[in-house]
Amino acid sequence: MRVLVTGGAGFIGSHIVTALRRHGHDPVVLDSLLPAAHSDPPPLPDSGFLRGDVRDAEAVRAALSGVDAVCHQAAMVGLGTGFADAPAYVSANDLGTAVLLAETARAGVRGLVLAGSMVVYGEGRYACPRHGAVRPGPRRAADLDAGRFEPLCPACGAELTPGLVAEDAPADPRNVYATTKLAQEHLAAAWARDTDGLAVSLRYHNVYGPGMPRDTPYAGVASFFRSALARGEAPRVFEDGGQRRDFVHVTDVAEANVAALEALESPGTLPAGLCTPYNTGSGDPRTIGEMATALATAHGGPAPVVTGEYRLGDVRHITADSARLRRDLGWLPRTPFADGMAELAASPQRPSAAAV
């Protein structure tokens with residue numbers, strides 16, 4: 001299968017390209033080499049790479065030549081630096097996806113795997129002892145300033161127990177990035193209906209591993225902590241460190257993409273005319289504090305510092321159930337948390353423009 005991988009020179013994309021080749025497929029990379037992810041062009045093969053932006057219809061048209069399916073990884077990621085980033089996020093993520101899908105439809109390509117995100121859920125699933133499953137609203141700045149980080153039951157104010165979110169949970173994006181990721185899924189669903197195509201959104205959890213960009217606000221928390229340790233500084237853990245997340249290794253995410261792409265070619269595996277979401281996590285939830293401690297310990301210190309700071313767009317707990325992906329596509333994560341953190345602690349990071 002010949003697969004166009006947008007953003008294929010980036011952190012996750014490059015691992016997908018490697019996995020595709022290992023499984024006998026032929027990846028074609030389209031990447032604009034944005035400075036937030038690349039300070040210098042990374043080493044790339046002479047063939048199978050095109051430098052271009054997914055917002056450039058001509059570049060996308062050229063990249064789609066002879067392609068059987070598209071793996072769309074190109075995106076502006078992370079929470080950024082504030083709402084002033086909103087136009088850049090919407091342009092890169094939503095306009096870029098719209099241009100890509102329009103050209104995909106024109107080229108007659110009918111298979112798409114999208115890099116989705118668990119951020120579309122907002123806060124995770126919670127249970128109240130009196131009211132059962134509830135969905136707390138956005139946390140208030142006054143509560144966060146006072147160190148009250150845990151959401152309470154919106155009906156009675158009781159403490160809640162966090163749980164796993166399934167794909168049928170209602171979407172509730174809480175920041176600009178999350179909003180653009182949900183819009184990407186809606187665009188993919190509209191494309192699938194219009195073309196009778198097959199589309200999958202892999203809702204990634206907190207992806208980490210070798211090759212993460214360093215020293216940039218457009219990266220995940222594991223990258224922030226690893227960058228601090230490389231400078232000899234303590235990782236700064238926001239809130240009280242009790243936020244629950246699911247850290248999933250990048251090679252496992254790459255294998256999930258291969259499984260989804262191969263499912264596109266298996267009749268009856270996926271429904272046509274829809275964008276099917278799949279939570280993509282390790283199934284081993286950890287707190288941010290646990291992750292920071294594991295990474296610092298593997299690196300040899302310094303120990304994390306819990307700061308009590310917060311970002312208003314962050315959610316407290318978000319961990320999802322990846323059983324559907326395991327059941328439908330036969331995918332299994334294979335990298336244990338401790339092994340992955342030890343590897344990340346010893347692996348070099350990808351330099352970004354912010355680091356030069």
Exercise. Do the numbers put R286 on top of the ring of F337, so that NZ or CZ is under 6.0 Å from the six-membered ring centre and no more than 45° off the axis?
Worked result: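 Yes, R286 sits over the ring of F337.
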
Can a side-chain donor-acceptor contact be found between [Y] and [X] if the only test is distance below 3.5 angstrom?
X    : Y    : result
Y310 : D145 : yes
Q73  : N257 : yes
T6   : H72  : yes
D246 : Y204 : no
R245 : T287 : no
N279 : S322 : no
D172 : Y121 : no

I need the minimum non-hydrogen distance between [X] and [Y], along with the two atoms involved.
X    : Y    : answer
A298 : M341 : CB-O, 4.1 Å
A105 : R110 : O-NH1, 3.6 Å
R55  : A92  : NH1-N, 3.7 Å
A69  : M1   : CB-SD, 4.2 Å

Problem set entry | Set of side-chain contact (heavy atoms from CB on, under 4.5 Å) partners for S14, sequence neighbours left out |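 For S14 the side-chain contact (heavy atoms from CB on, under 4.5 Å) partners, ignoring immediate neighbours, are R350.
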
Are the charged groups of [X] and [Y] less than 4.0 angstrom apart, N to O?
X    : Y    : value
E167 : R203 : no
E255 : R334 : no
R61  : E58  : no
D240 : R148 : no
E239 : R311 : no

Exercise. Just wondering, are more than 12 heavy atoms of other shown residues or ligands nearer than 6.0 Å to CD in E159?
Worked result: no

For this session: For R316, look at atom CZ and say whether over 12 heavy atoms of other residues, nucleotides or ligands are found less than 6.0 Å away.
Result: yes

For this session: Could you label the plane-to-plane angle of the H23 and H25 rings as parallel, tilted or perpendicular, counting under 30° as parallel and over 60° as perpendicular?
Result: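 Ring orientation, 0 to 90° scale: parallel.
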
Exercise. Are H205 and F247 an aromatic pair by the rule of ring centers under 6.0 Å?
Worked result: no

Seminar exercise, completed: The side-chain contact (heavy atoms from CB on, under 4.5 Å) partner of V70 among L112, V60, L30, V28 is L112

Rounded to the nearest 0.5 Å, how far does [atom2] of [Y] lie from [atom1] of [X]?
X    : Y    : atom1 : atom2 : answer
L332 : D252 : CG    : CG    : 9.0 Å
R106 : L101 : CZ    : CG    : 12.0 Å
L202 : S117 : CG    : OG    : 11.5 Å
S282 : N206 : OG    : CG    : 9.5 Å

For this session: Determine whether C71 and L261 make a side-chain contact, defined as any pair of heavy atoms from C-beta on separated by less than 4.5 Å.
Result: yes

Under 3.5 Å, sequence neighbours excluded: what are the donor-acceptor pairs made by side chains of residues 126-134?
from, atom 1, to, atom 2, distance (Å)
Y126, OH, E123, OE1, 2.6
Y126, OH, H317, N, 3.4

